[in-house]
Colleague: 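Please read through the structure below; I'll follow up with questions.
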Amino acid sequence: MLDRFLPRIEFDSYEDFKENYKVTVPEDFNFGFDIVDAWAEAEPEKKALVWCDDHGHEETFRFSDISRLSNQTANYFKSIGIKKGSVVLLVLRRRWEYWVCATALHKLGAVLIPGSLQLTKKDIVYRANAAEISAIVCVNDPFVIQQVELAQPEAPSLEHKILVGETREGWQNFADAISGQSESFPRPTGAEATRWDDTMLVYFTSGTTGMPKMVHHNFSYPLGHIVTAKYWHQVQENKLHMSISDSGWAKFGWGKIYGQWICGAVIFAYDMDKFIPLKLLEKISQYKVTTFCAPPTMFRFMLQEDVTKFDLSSIKHCCIAGEPLNPEVFKKWYELTGIKLCEGFGQSESSVMLANFQWFDPIPGSMGKPSPLYNIQLRDADGNICEDGDEGSIVVMGVDKNPPVGLFTGYYRDEALTEKALGSGNYDLGDVAWRDSNGYYWFVGRNDDVIKCSGYRIGPFEVESALLEHPAVVECAITAAPDPVRGQVVKATVVLAAGYSPSDELVLELQNHVKKVTAPYKYPRIVEFVDELPKTLGGKIKRAEIRQKNHA
């Protein structure tokens, strides 16, 4: 399958990969037809998805099953008026129906918007009206159902409510609706056919400030994730790959459908009710997962358990994403499993942009090196290229002349915001990093998160990493707090591990610990203990909210 899109698949070195990796985008590329149906036709028995939940349910789907079910779903959607350009919101957690519905929507040329179970009435009204959503397909969750029903009167475009798993008045039942539909769905032609540059997918970003933006991706987007799946996740054909993500987030597109299926890997989906480290370790061991990706926080919580009780010998490669990797997590996981965690970095606006690839050793705490899809430079405040060791904004160059496959094409229905982001011909991510003399990139923080104290610039990540090495700390956020003398000082907001209690003695112990681990001037002069950190729907720490409280 890969040789249809890559002139070369194997590379001798990172330099060879960076220089010579190319992806061919067919003009009419459509993931539903050209990947799912193509695999189904070539290898009818090839596995696509192994799914289970916390209630003893388990399903295995071949590509031929996904092809058939998505055809039935596409025919049903078409019968209720969904067509090319229609906008549909999926709120399906990790239900297997997500893969079927997504494939069906791609075949139709409809616009898919993934949504989280945490969306409230206000969130749904905003999304429905901003994108003119015509249908919502959601899982049988009482909270979600209630929020959708409350939102519908204020969302005039929302015509269809479709429910997976149950029958409810005022809703169409998904299983009943597709039952009896034709198992054939011919590829649309003429005006209904899709091109690579048509709108396929819109992510609502979970920004730490302001209303979410609508990130616009076209039909070539899945091909951008070949780098994500094959060269970063290192998925293996016919072997199980597991990425931890709810279907409402861009990370799902990164790790649980597009690049992995293009590479012929089998998606392992555990539809957990709640993240319980022991259960996750059991599933990995039971199903013999080969490649695995999760946020560092989940590794931290798994490492609170006795990992040696589980047979993890099937795992050949582990990746982390979603937040920077703290070196202490890297060290502990390596000691217990012999596997080095390979960090990757990107946004909802992109595929993986920087990562630890197979041709060089990952360094704990480093994002790795740039993907061959992206011409990345670090620029200072005046737009000058940064030297090694100097901090600068991460910028993707030349997005107007040679747009990278996998990079967003703008913000949906917002020309002004698109012009602001891409109009210069370069895309500034708003993230600060530095590069060492060996070409490794190191994350510092969001532009707004960098702390300026007595003339020093302090990135929150380094201080957070130091604190997380202390056994008392499970999670923490480093922010700036106002100071009349220094301008700003470092403040640590800390969630304690079980068995530890807040005290002045513990504050001093944590401060001294940071002084020993990193430069002494970076230690937190203020330490606040909390039960939990404020987070966005996407799980990102709301440092802006903490900063606002600091100024209150």
Side-chain angles (χ1 to χ4, degrees), residues 50-54 93-94 232-235 239-246 249 251-252 254-256 267-345 355-356 362 364-366 461 464-477 494-500 531-533 535 538-541:
V50 174
W51 176 89
C52 66
D53 65 11
D54 282 325
R93 198 169 60 193
R94 299 174 184 87
W232 174 46
H233 287 159
Q234 296 186 32
V235 301
K239 298 291 187 178
L240 266 63
H241 172 76
M242 183 183 194
S243 281
I244 303 294
S245 176
D246 181 287
W249 312 117
K251 187 61 173 63
F252 191 98
W254 279 46
K256 297 184 85 156
I267 302 297
F268 175 63
Y270 169 33
D271 187 18
M272 63 182 84
D273 292 336
K274 182 183 178 181
F275 168 54
I276 299 174
L278 279 173
K279 286 189 176 182
L280 179 57
L281 288 163
E282 287 170 0
K283 296 295 184 185
I284 294 170
S285 174
Q286 177 186 348
Y287 285 90
K288 307 300 181 188
V289 170
T290 299
T291 49
F292 178 67
C293 184
T297 298
M298 286 194 171
F299 280 99
R300 281 199 293 272
F301 279 106
M302 285 191 287
L303 288 167
Q304 300 279 316
E305 308 294 339
D306 185 356
V307 175
T308 61
K309 289 182 178 178
F310 301 92
D311 179 8
L312 303 180
S313 60
S314 65
I315 301 180
K316 305 304 179 188
H317 191 67
C318 286
C319 295
I320 71 98
E323 59 187 81
L325 171 63
N326 302 103
E328 186 64 17
V329 175
F330 181 101
K331 294 172 189 173
K332 286 184 179 179
W333 190 257
Y334 181 61
E335 288 170 5
L336 289 168
T337 67
I339 294 174
K340 296 178 179 180
L341 297 176
C342 291
E343 184 173 349
F345 170 84
N356 286 276
S366 168
F461 170 59
E464 288 169 3
S465 296
L467 277 169
L468 285 164
E469 290 185 25
H470 194 285
V473 181
V474 171
E475 282 191 299
C476 64
V494 174
V495 177
L496 291 175
Y500 290 87
D531 293 331
E532 61 182 359
L533 298 175
K535 294 178 182 176
K540 297 176 184 176
I541 295 170

Colleague: What residues, two or more places apart in sequence or in another chain, satisfy salt bridge (charged side-chain N to carboxylate O under 4.0 Å, His left out) together with Lys288?
Modeller: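 Partners of Lys288 under the salt bridge (charged side-chain N to carboxylate O under 4.0 Å, His left out) test: Asp311.
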
Colleague: Centres of the Phe299 and Phe292 rings: under 6.0 Å?
Modeller: yes

Colleague: What pair of heavy atoms forms the shortest contact from Asp246 to Arg94, and how long is it?
Modeller: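 Looking at all heavy atoms of both residues, the shortest contact is N-NH2, 3.7 Å.
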
Colleague: Among all residues two or more places apart in sequence or in another chain, which pass the side chain to side chain contact (heavy atoms under 4.5 Å, CB included) test with Glu305?
Modeller: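 By the side chain to side chain contact (heavy atoms under 4.5 Å, CB included) rule, Glu305 matches Pro277, Leu278, Leu281.
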
Colleague: State which residues pass side chain to side chain contact (heavy atoms under 4.5 Å, CB included) with Lys251; sequence neighbours excluded, sorted by chain then number.
Modeller: His233, Ser243, Ser245, Trp254, Cys293, Ala321

Colleague: Can you list the steps and then say if Thr290 with Ile315 is a side chain to side chain contact (heavy atoms under 4.5 Å, CB included)?
Modeller: CA-CA 4 Å; Thr290 299; Ile315 301 180; over 6 Å; no

Colleague: If you count every heavy atom of other residues, nucleotides or ligands that lies below 6.0 Å from Lys239 atom NZ, does the total exceed 12?
Modeller: no

Colleague: Hey, can you pull the donor-acceptor pairs under 3.5 Å for the side chains in residues 329-342, sequence neighbours left out?
Modeller:
from, atom 1, to, atom 2, distance (Å)
Trp333, NE1, Thr337, OG1, 3.4
Thr337, OG1, Trp333, O, 2.7
Thr337, OG1, Ile339, N, 3.1

Colleague: Show your working on side chain to side chain contact (heavy atoms under 4.5 Å, CB included) between Lys283 and Cys52 and close with a plain yes or no.
Modeller: CA-CA 9 Å; Lys283 296 295 184 185; Cys52 66; 4.1 Å; yes

Colleague: Evaluate the side-chain proximity of Tyr500 to Val473: yes if any heavy-atom separation is below 4.5 Å, no if none is.
Modeller: no

Colleague: To the nearest 0.5 Å, what is the distance between CE (Met242) and SG (Cys318)?
Modeller: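 With rounding to 0.5 Å, CE (Met242) is 11.5 Å from SG (Cys318).
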
Colleague: Ignoring hydrogens, what is the shortest heavy-atom contact between Ile320 and Pro296? Give both atom names and the distance.
Modeller: CD1-CG, 3.5 Å

Colleague: Measuring from atom OH of Tyr287 to atom OH of Tyr270, what distance do you get when rounded to the nearest 0.5 angstrom?
Modeller: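 Reported value, rounded in 0.5 Å steps: 10.0 Å.
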
Colleague: Considering residues at least two apart in sequence or located in another chain, which fulfil the side chain to side chain contact (heavy atoms under 4.5 Å, CB included) criterion with Glu282?
Modeller: Lys279, Phe310

Colleague: Kindly give the heavy-atom pair with the smallest separation between Ile541 and Ala477, and that separation in Å.
Modeller: CG2-CB, 3.8 Å

Colleague: Would you please name every residue forming a side chain to side chain contact (heavy atoms under 4.5 Å, CB included) with Asp531, sequence neighbours left out?
Modeller: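 With neighbours one apart ignored, the set is empty.
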
Colleague: Please report the interatomic distance OG1(Thr291) to NZ(Lys316), rounded to the nearest 0.5 Å.
Modeller: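 That separation rounds to 11.5 Å.
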
Colleague: Going through the checks in order, is the side chain to side chain contact (heavy atoms under 4.5 Å, CB included) test met by Glu475 and Lys535?
Modeller: CA-CA 12 Å; Glu475 282 191 299; Lys535 294 178 182 176; 2.8 Å; yes

Colleague: Please find the pair of heavy atoms, one from Asn356 and one from Trp232, that lie closest to each other, and give the distance.
Modeller: O-CD1, 3.8 Å

Colleague: For side chain to side chain contact (heavy atoms under 4.5 Å, CB included), just list the numbers for Val494 and His470, CA-CA rounded to whole Å, side-chain angles, deciding distance to a tenth of an Å, and then say yes or no.
Modeller: CA-CA 11 Å; Val494 174; His470 194 285; over 6 Å; no

